[in-house]
2 protein chains.
Amino acid sequence: MSGIREQKKQQTRKAIIDAAIGLFTEKGFEQTSMDELARAAGVGKGTIYGYFKAKEEIFLAYCEAEIDFAFAALDRKLDEEAPLVDQLVAQTMGQLTFVTGNREFGRLFAREMVFPGESSKLASRELDMRYLSKLGEVLGRSQQLGELPEDSDPLLLIAHLHAIYILVLSSFYRDDLTSMEDAEVLVRLLILQVLYGPAAVALANTEERKKWENLKLKFLEQREPKR
Amino acid sequence: MSGIREQKKQQTRKAIIDAAIGLFTEKGFEQTSMDELARAAGVGKGTIYGYFKAKEEIFLAYCEAEIDFAFAALDRKLDEEAPLVDQLVAQTMGQLTFVTGNREFGRLFAREMVFPGESSKLASRELDMRYLSKLGEVLGRSQQLGELPEDSDPLLLIAHLHAIYILVLSSFYRDDLTSMEDAEVLVRLLILQVLYGPAAVALANTEERKKWENLKLKFLEQREPKR
DNA sequence: GTAAAATCTCGACCGCAGTCGACTTTTTGG
DNA sequence: CCAAAAAGTCGACTGCGGTCGAGATTTTAC
């Protein structure tokens with residue numbers, strides 16, 4: 001009745017997450033063992049599993065904290081007056097920069113978000129909601145301004161933009177993209193294509209098209225030689 | 001000089017892969033232990049690591065065999081006379097059906113292909129080459145037939161189609177899609193959008209649009225209630 | 001206040017992927 | 001042909017994530 005138990009539980013939970021944030025940030029996720037984490041949190045190892053189903057779930061809790069921060073920063077930078085394409089590119093690149101900031105962290109995070117296991121399904125859904133609704137706002141404003149055809153379907157566009165984001169993230173982890181500039185070129189072209197159809201490359205400026213030609217060369221080169 | 005060694009090595013390698021195919025197919029990847037695999041292959045556990053860097057690498061070798069089979073089947077079914085959109089949808093759905101045939105296998109496979117670790121980067125690159133060149137052929141034919149604007153960039157289109165494939169795969173693993181019919185609706189609409197711009201939904205027939213409306217509802221429903 | 005029930009805590013323990021170094025087999029070179 | 005070097009094989013061992021059940025702590029019921 002008194003709720004002593006509930007109180008303690010909150011404390012313990014916090015202790016675990018705090019310890020995780022410290023250790024993961026310091027030594028990385030894979031390099032932190034559960035024994036270590038338990039010791040740092042001042043609880044038995046078994047206790048942790050009363051709060052989290054798996055190590056991976058602690059990782060997601062850790063991510064949430066980081067993401068809150070990153071999203072807030074992104075929001076501040078977004079310019080609502082800029083052209084639609086620029087806003088979308090900025091949003092996508094912002095996410096990308098954050099996720100790939102630490103390569104190993106990013107890969108784990110991407111894997112969990114894009115192909116979640118049973119245990120991370122809920123967490124992943126919650127996280128990408130925010131991202132999707134952000135895009136929804138941008139598109140909504142734009143549609144009202146007449147930048148988009150009236151009969152276009154916002155959700156379908158969002159799906160597509162999400163697809164682009166995942167693709168670029170994947171390209172990064174497959175070493176098809178090696179710099180953020182390259183990534184931005186690809187993102188911009190893909191977004192142009194979605195918004196304006198397959199002839200959209202023509203809309204890019206000369207500078208971008210040159211960069212794109214280089215990117216293509218690099219890509220094909222890496223695959224052609226049958227080795 | 002005699003090459004006895006080389007010969008034996010090929011044998012051993014084959015024995016390991018064969019054992020893996022048998023066990024993975026029968027009991028699944030995660031349920032098969034390296035000790036078991038070693039016993040089945042008739043070698044010591046340590047020996048396996050002379051042939052493969054990690055369990056995951058054996059998994060990819062296993063995948064290659066499966067994929068060869070699936071691709072051949074797909075090729076036979078593809079109708080070169082069909083409209084571009086139908087061909088692309090068929091190709092994408094074929095892949096999807098294969099990969100998700102076994103849910104757990106598919107998730108592991110997708111994770112390795114889309115966000116490969118250092119050890120699987122090469123294998124993943126080789127595998128998706130075939131898929132990409134397949135799409136390239138289809139698009140090439142189509143461009144010659146004038147179904148596509150002359151100034152569209154095939155590689156960019158391929159990138160986009162790949163993005164769609166990954167997105168739909170992801171949606172499947174996030175339970176946003178629960179049937180292959182749903183998946184096909186989404187794939188078709190996304191492809192239409194890429195080929196003909198954001199107003200393309202209008203190109204779908206009434207039946208598909210109804211299905212899409214249902215899909216959207218289900219999607220939003222699952223996210224709205226703050227629980 | 002107390003005894004029974006419910007809940008939480010703990011670390012020894014399990015099964016696993018991957019390593020290591022002692023041992024065996026093949027190749028080399030004189 | 002033989003001994004030294006190189007290459008390959010092996011399973012006991014290590015460290016890890018996750019489980020389990022005995023015991024401690026809180027809540028409930030009277």
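Per chain, numbering begins at 1; letters A, B, ... match sequence-line order.
One atom, CZ of Phe59(A), and another, P of dC16(D), lie 19 Å apart when rounded to the nearest Å. Taking atom CD of residue Glu30(A) and atom P of nucleotide dG17(D), one finds them 9 Å apart after rounding to whole Å. For Ile58(B) and dA17(C), the CD1 to C1' distance is 10 Å, given to the nearest whole Å. Separating the CZ atom of Phe52(A) from the C1' atom of dC8(C) is a distance of 16 Å, rounded to the nearest angstrom. In this entry the distance linking CD of Glu6(B) with C1' of dA7(D) reads 11 Å, nearest Å. Spacing between atom CD1 of Ile48(A) and atom P of dG17(D) amounts to 10 Å, rounded to whole angstrom units. Distance Lys53(B) NZ to dA17(C) C1': 16 Å, rounded to the nearest Å. With rounding to whole Å, Leu37(A) atom CG is found 14 Å from dG11(C) atom P.
Residue-level contact check: Ala54(B) touches the backbone only, with heavy atoms under 4.0 Å from sugar-phosphate atoms and none from bases. Counting any heavy atom pair closer than 4.0 Å across all strands shown, Ser33(A) reaches sugar-phosphate atoms only and no base atom. Using a 4.0 Å heavy-atom distance criterion, Gly46(B) is classed as a base contact.
For Thr47(B), the listed nucleotide lying nearest its side chain is dT9(D); candidates were dT9(C), dG11(D), dT9(D).
Judged by the 6.0 Å distance and 45° axis criteria, Arg103(A) is positioned over the aromatic ring of Phe172(A). Relative to the ring axis of Phe29(A), Lys55(A) places its NZ or CZ within 45° and under 6.0 Å from the centre.
Aromatic ring centroids of Tyr165(B) and Tyr131(B) lie under 6.0 Å apart.
Nearest-nucleotide assignment on DNA chain D puts the 5′-proximal partner with Gly42(B), out of Gln31(A) and Gly42(B).
Here the options are Leu186(A), Val194(A), Val187(A), the test is side chain to side chain contact (heavy atoms under 4.5 Å, CB included), and the partner is Leu190(A); only Leu186(A) passes.
Lys45(B) has no side-chain polar atom (N or O) that falls below the 4.0 Å cut-off from OP1 or OP2 of dA17(C). Considering only side-chain N and O atoms, Tyr51(A) lies under 4.0 angstrom from the phosphate OP1 or OP2 of dT9(C). Regarding contacts with the backbone of dT9(C), every side-chain N or O of Tyr49(A) stays at 4.0 angstrom or more from both OP1 and OP2. The side chain of Lys8(B) places no N or O atom within less than 4.0 Å of a non-bridging phosphate oxygen (OP1 or OP2) of dG8(D). Applying the 4.0 Å criterion to OP1 and OP2 of dG18(D), one finds that Lys55(A) has every side-chain N and O outside that range.
Counting heavy atoms from C-beta outward, Glu112(B) and Arg111(A) have side chains that approach closer than 4.5 Å.
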